Amino acid sequence: MSNQDSEIPVVLTGQHYTTGNHAAAEGSIAAGCRFFGGYPITPSSEIAEHMALRLPKINGNFLQFEDEIASIAGVLGASWGGVKSMTATSGPGYSLMVENIGLGLMTETPCVIINVQRGGPSTGLPTLIGQQDIMQARWGSHGDYEIIALSPSNVQECFDLALEAFNFSEQYRLPVTLLMDEVIGHMSEKLIVPPKEELTIISRKKPTDPPDKHLPYKADDSLVPPMATAGEGYRVMVTGLTHDERGYPDLSPEAQDKAVRRINDKIRLNKDKIIKLEEYMLDDAKTALVSFGTSARAAKGAVNRARKKGIKVGLLRLITLWPFPDEKIDQLADQVDKIIIPEINYGQVTREVERAVHGKTEVKGDFRLGGAIHTPQEILKEIERN
Amino acid sequence: MGRVEVRFAGFGGQGIGLMGRLVGEAVALYEGKNSVMTQSYGPESRGGASSADVVIDTEDIDFPKATDLDYFVVMSEEAYSKYIPRLKKGGILFVEEGLVTLDEQADKAKKIFKIPATKIAESLGSRLYANIAMLGFLCANTKEIVSEEALLKVMKTKIKARFVEKNLIAFQKGKEHQQEG
Amino acid sequence: MSEEEFQLIEADAHPLDGYLREGRIPHIFCPACSLGSVTNILIEAIKEAEFDRKKISVVSGIGCTGRIAGYLNFDSFHTTHGRAIPFAIGLSVTDPERKVIVISGDGDLFAIGGNHFIHAARRNADITVICVNNFNYGMTGGQAGPTTYVGQYQTTAPYGAVEEPFNLPDLAASCGAVYVARWSALDVRRMKDSFTEALLKKGFTFVEVLGSCPTTFGRRNQLAEGKKILEYFKEKSEIQHGADTKTVRIDKDSQIIVGKFVDIKDKKTLTDHLMAIQRMSKATGKKG
């Protein structure tokens, strides 16, 4: 991305030809991110590299930590320091982060984690695509919680959804995961960055009551408490222990019930605002594809090819992966005879769809185990197979 | 126009990635079409063969990888051997003739365009211009990939200012090259 | 203080009022544990250093010492096991004026969190780290840890510990800490002076406090009362300011060398470097 002006712009308004990884970094910066803490890992490292280049120019800080555990801890600390913060990693690094993602959930700390997925388990396929961290993003940390995870299918969405991930994290006060994949991360496409004033930027709600009256974990009907951060005189008390509205540890079942219900319900309550879907040719469809990320591109191609042959197929593209669109899938189950899920794993979203259709329709996964992506022709074959 | 798949390939240091980026960007930003550019990545991209794929389409690009090449622009022997099987029957081959010896696998090509791009570049003072000479040659011989106008626009913004002039000359030389025979 | 001068103070106010979180006291520390007095001393040092209270953040990990942050009426953060230091770095770099104090135990900082400690010292992060070393994992019932000395009995070292312990001041010094001191829980005044010096100094400053843990350490090592541990410290410790940190390891029945070992001047800190990078990035034409 070029920067010819002497004044350094924060939002690089204009058209660019760039990779998903760079677009996600720029979307984060446009959202207001000014701290990046990370550790190199393929295929996400370009995000860290881009942030190392860009952040200092706009008075932000980039820190390369000693590992992913430190990275996410630093990100949480920076968020409590009052700065929008993020990290980027891939599956193995995400595994190391999940404990502190739990701390972020319990302490309601806004931040963004980008996971550019590769094939696993373990070291797996470092340089090749996977979509195998869907469940890790959902359940990687221990305990009961709701999360938000978004999945871009093109370079433009890497920018748009990185920005949205920050907005959600600030609005609902939790770590939000942007689940990219190697193909989207590395491919170059056109990206249009809108003028700054056309971007919607959400920042955490601040307390209005004086510090001596303030209860940091008391929420209104939105279930999201305003957030005082360090240095504002509120003397915040932050703990991963179950806590009361003062933030003080309270290890009673009652306190646990109240705290854990609220951090779950604040997402469940707002599910409709968080779930983003693309519906493509579903109106008269008898077969539905459900897909996301890179796979959704080929799925759309398969729909186009099938339609040319007169087959009534449509696509439901999951832009939001978590919370899962149960109601939409349930409606779809009433309409179609079959749902096919092209995904680059061994059935992670398929299992969710199976759960959500309540046995009303046939559900079939079309799996790649990582390293390769579906072609539209392959998915078409799957549609035609009866 | 439907989907067009182009692969640029050679060895590390030839600026293969830049060729892909310039063409991809020119198409996507100045020609109103979609393009996806991907580069060889991972351990296989260190040293050895380097490649950059550009997929061009007026429709959405539903499959971002190049698998059946309409065009193969090749600048090293190793890349030729590695990727020639991917060229479609009836596809078009652009060859750096000083560095690549063709074999019978090239017979499936509808047309073969040859240019001593590195020699031309060396005459300008550096073999680093070979990739741009090749792009000039490409532009002169096919209209299906990218227009000269769009490509020059991108080159002027993406190539470091002090190298632009020489690269434009290289482009021109490539464009004017008449292959023998 | 003579007998005659001694008088009971009757007052509604406590000297630490406002510095401790009301409603969080009484604390959970065992009788004769030194964490109460370390908390007190830390507050005294913060008062003495005269920081803007808004600008102080206290971060801890998990464990007995890890609970201290939560009793203090500053911005306080009780994080995950071993991760106080990187969390503190995030807080520190987002406001160069902020004073960030990490107080945690030996297991938290040097076993599970050891990697963060050495890297924070290496990059000279602007934080003060206080380790209360009680030679064992107290919160979980007395297991052996990275500072357990050879021959010490703990629940996971029922035949006596066999592994070499860390020499914490030497570790800190060799990784680049600009200030390193060690005091026992008995050295109240000197500990406070060290805390104050460490707090006022830029960069990575480290103070090891040898704590008394009668419940899970003392009980198994013939030091079952807090007083006995303090007497042990009194008998064994010897002040050697400026001692070569290589010579200060703690063995069973060895002398315990305490004092200020390292005090380096004018070393660039992580904050200095980050600010320099910001200046450089704006001056160069590097695209991005």
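It should be emphasised that the depicted structure is a prediction, and the values quoted were computed from it without experimental measurement. Numbers restart at 1 for each chain; the letters A, B, ... are given by sequence-line order, proteins then strands.
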| request: For chain A, find which of C/D52, C/T79, C/T94 contributes the most heavy-atom pairs closer than 4.5 angstrom. | output: C/T94
| Side chain / backbone / both / neither for C/L270 at chain A, heavy atoms under 4.5 Å | side chain
| note | When every non-hydrogen atom of C/Y71 is compared with those of C/I28, the smallest separation belongs to OH-N, 3.0 Å
| said: Heavy-atom cut-off 4.5 Å, strictly under: side chain, backbone, both or neither for A/V75 against chain C? | reply: neither
| said: Before we go on, tell me: are the rings of A/H214 and A/Y234 under 6.0 Å apart, centre to centre? | reply: yes
| said: Any heavy-atom pair between the side chains of A/F65 and C/H116 that's under 4.5 Å? | reply: no
| Pair C/F204 and C/F117, ring centroids less than 6.0 Å apart | yes
| query | Using a cut-off of under 4.5 Å for heavy-atom pairs, which of A/I69, A/T229, A/L76, A/V83 has the most such pairs with chain C? | reply | A/I69
| request: Measure distances from C/D95 to the heavy atoms of chain A and classify the residue's part below 4.5 Å as side chain, backbone, both or neither. | output: neither
| Heavy-atom neighbours of C/K267 NZ exceed 12 at 6.0 Å | yes
| task | Check whether A/E49 gets within reach of chain C through its side chain, its backbone, both or neither, counting any heavy atom under 4.5 Å. | result | neither
| said: Can you pull out every side-chain hydrogen bond (donor to acceptor under 3.5 Å, both in side chains) where at least one residue sits in residues 16-42 of chain C? Sequence neighbours excluded, please. | reply: C/R21-C/S76
| Looking at A/G233, A/S71, A/G240, which one has more heavy-atom pairs under 4.5 Å with chain C than the rest? | A/G233
| With a cut-off of 6.0 Å (strictly less than), are more than 12 heavy atoms of other residues, nucleotides or ligands near NZ of C/K202? | no
| query | So which of C/I118, C/L274, C/L72 has the largest heavy-atom pair count under 4.5 angstrom toward chain A? | reply | C/L274
| query | What option among C/R123, C/R122, C/R53 has the most heavy-atom pairs under 4.5 Å with chain A? | reply | C/R123
| note | chain A shares the most heavy-atom pairs under 4.5 Å, among C/K55, C/E97, C/R98, C/H81, with C/R98
| message | Counting only non-hydrogen atoms closer than 4.5 Å, does A/F35 touch chain C with its backbone (N, CA, C, O), its side chain (CB onward), both, or neither? | response | side chain
| said: Is C/F77 in contact with chain A via its backbone, its side chain, both, or neither, using a 4.5 Å heavy-atom distance? | reply: both
| query | What part of A/I72 lies closer than 4.5 angstrom to a heavy atom of chain C: side chain, backbone, both or neither? | reply | neither
| task | Specify the closest pair of heavy atoms between A/K196 and A/T13, including all atoms of both residues, with the distance to one decimal. | result | N-OG1, 3.8 Å
| query | Can you find a pair of side-chain heavy atoms, one from C/R67 and one from A/L241, that are under 4.5 Å apart? | reply | yes
| said: Using a 4.5 Å heavy-atom cutoff, which residues in residues 103-111 of chain A come close to chain C? | reply: A/L103
| C/V58 and C/I68: CA distance, side-chain angles, deciding distance, side chain to side chain contact (heavy atoms under 4.5 Å, CB included) verdict | CA-CA 9 Å; C/V58 186; C/I68 287 181; 5.6 Å; no
| said: Please determine whether side-chain hydrogen bond (donor to acceptor under 3.5 Å, both in side chains) holds for the pair A/H50 and A/E26, giving the CA-CA distance in whole Å, both sets of side-chain angles, and the decisive distance to 0.1 Å. | reply: CA-CA 9 Å; A/H50 194 71; A/E26 284 301 330; 2.7 Å; yes
| query | Given that the side chain runs from C-beta out, which part of C/I277 has a heavy atom under 4.5 Å from chain A: side chain, backbone, both or neither? | reply | both
| note | Under 4.5 Å to a heavy atom of chain A? For C/R83 that would be both
| task | Enter the distance from C/T271:OG1 to C/D126:CG here, rounded to the nearest 0.5 Å. | result | 3.5 Å
| Can you check whether A/R34 reaches A/N59 side chain to side chain, under 4.5 Å on heavy atoms? | no
| message | What part of C/S57 gets within 4.5 angstrom of chain A, counting heavy atoms only: side chain, backbone, both, or neither? | response | side chain
| query | Under a 4.5 Å heavy-atom cutoff, which of A/S85, A/G37, A/G60, A/A228 has the most pairs with chain C? | reply | A/G60
| request: Would you check if A/M97 and A/E68 make a side-chain contact, meaning some heavy-atom pair closer than 4.5 Å? | output: yes
| field | Where C/A172 and C/A121 come nearest, the two heavy atoms and their spacing | value | O-CB, 4.4 Å
| Among A/R235, A/M237, A/R246, which residue forms the greatest number of heavy-atom pairs with chain C at distances under 4.5 Å? | A/R235
